[in-house]
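What follows is a single structure, written as structure tokens, with notes after it.
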Amino acid sequence: MSENSSAATTKISTYLMMIVLIVLALSVVALMLSVNAFIVGNEMVAGYLLLIGFIAMALSVYVLLQSRKRIASMKIEAPKVMTTVECKKCGFKSVREFQRGDFVFKDLDTCQKCNDKMIITAIYKEVKEKEKTYGV
Ligand SMILES: [Zn+2]
């Protein structure tokens, strides 16, 4: 499941990257054309092209920065799956990260305190309270 979502994220980010690069290339072309128009003597066209070039460049840089931020926040929010292990005899309890093959009521190693068998009593996703993100 996590593999699929990360693959989708990479696909989106490469798609976005392509658009950003195209816009960036167009802005460079617009700036070059504006220089050309200025040399020819068409100052009004040069001014417009200069404006378009700068706006396109600013926009692509902005999108690039925003997407970086979003991808970084996605990585942080992946929740951990935890397993609670309990000894039925003495009540000794411990929590560890989920391991492959874990299931509720599965017998595990002996208890550290009384040497009786310990079992898994709960498997759950660790839910962290969402930290407030600054800015947009
Ligand atoms: Zn015990």
Side-chain angles (χ1 to χ4, degrees):
M1 198 178 87
S2 58
E3 268 181 70
N4 282 342
S5 64
S6 69
T9 310
T10 359
K11 209 175 252 178
I12 291 164
S13 66
T14 46
Y15 183 65
L16 203 76
M17 272 300 224
M18 263 171 61
I19 292 170
V20 168
L21 284 176
I22 289 164
V23 172
L24 210 66
L26 285 175
S27 73
V28 170
V29 169
L31 289 176
M32 269 157 47
L33 283 174
S34 94
V35 170
N36 198 46
F38 191 75
I39 289 164
V40 169
N42 204 337
E43 278 167 25
M44 207 178 83
V45 173
Y48 277 129
L49 285 168
L50 200 72
L51 196 71
I52 290 165
F54 272 120
I55 287 169
M57 201 174 269
L59 206 73
S60 57
V61 169
Y62 175 76
V63 169
L64 203 73
L65 289 175
Q66 281 299 110
S67 69
R68 282 245 174 114
K69 234 184 242 172
R70 209 166 296 155
I71 289 162
S73 69
M74 266 181 175
K75 273 181 188 165
I76 294 162
E77 277 175 24
K80 267 187 189 170
V81 178
M82 306 303 286
T83 299
T84 303
V85 183
E86 218 172 317
C87 172
K88 280 289 159 195
K89 207 173 177 186
C90 71
F92 177 73
K93 211 173 177 183
S94 73
V95 178
R96 60 162 171 78
E97 246 180 81
F98 178 80
Q99 283 167 14
R100 226 197 169 121
D102 276 3
F103 58 87
V104 177
F105 301 127
K106 182 189 182 188
D107 287 328
L108 289 177
D109 300 336
T110 49
C111 173
Q112 295 172 22
K113 286 184 178 173
C114 65
N115 276 344
D116 203 45
K117 269 206 172 164
M118 292 184 86
I119 61 162
I120 291 170
T121 54
I123 292 167
Y124 57 93
K125 255 185 193 171
E126 193 177 51
V127 181
K128 281 179 196 167
E129 265 189 51
K130 270 194 180 176
E131 283 174 56
K132 283 213 168 178
T133 45
Y134 351 87
V136 188

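Every number for a ligand or one of its atoms is a count from 1 in the order of the listing. If you read the sequence from its start, that first residue is 1, and numbering goes on from there.
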Query raised in the report: Around Tyr124, counting heavy atoms of other residues, nucleotides and ligands shown, do more than 12 lie under 6.0 Å from its OH?
Result: yes
Query - Within 6.0 Å of CZ in Phe92, more than 12 heavy atoms from elsewhere - result: yes
Requested in this report: Under the side-chain contact (heavy atoms from CB on, under 4.5 Å) rule, what do Cys111 and Cys90 come out as? Steps first, then yes or no, please.
Outcome: CA-CA 9 Å; Cys111 173; Cys90 71; 3.8 Å; yes
Query raised in the report: So, does Lys106 use its side chain to make a donor-acceptor pair with the main chain of Gly101 at under 3.5 Å?
Result: yes
Requested in this report: Go through the steps for Thr121 and Phe105 under the test side-chain contact (heavy atoms from CB on, under 4.5 Å), then give the verdict.
Outcome: CA-CA 6 Å; Thr121 54; Phe105 301 127; 5.8 Å; no
Report summary line: Sorted by chain and number, protein N/O/S atoms nearer to the Zn ion (ligand 1) than 2.8 Å are Cys87 SG, Cys90 SG, Cys111 SG, Cys114 SG
Report task. Considering non-hydrogen atoms only, spot the tightest contact between Leu31 and Leu50 and give its length. Result -> CD2-CD1, 3.7 Å
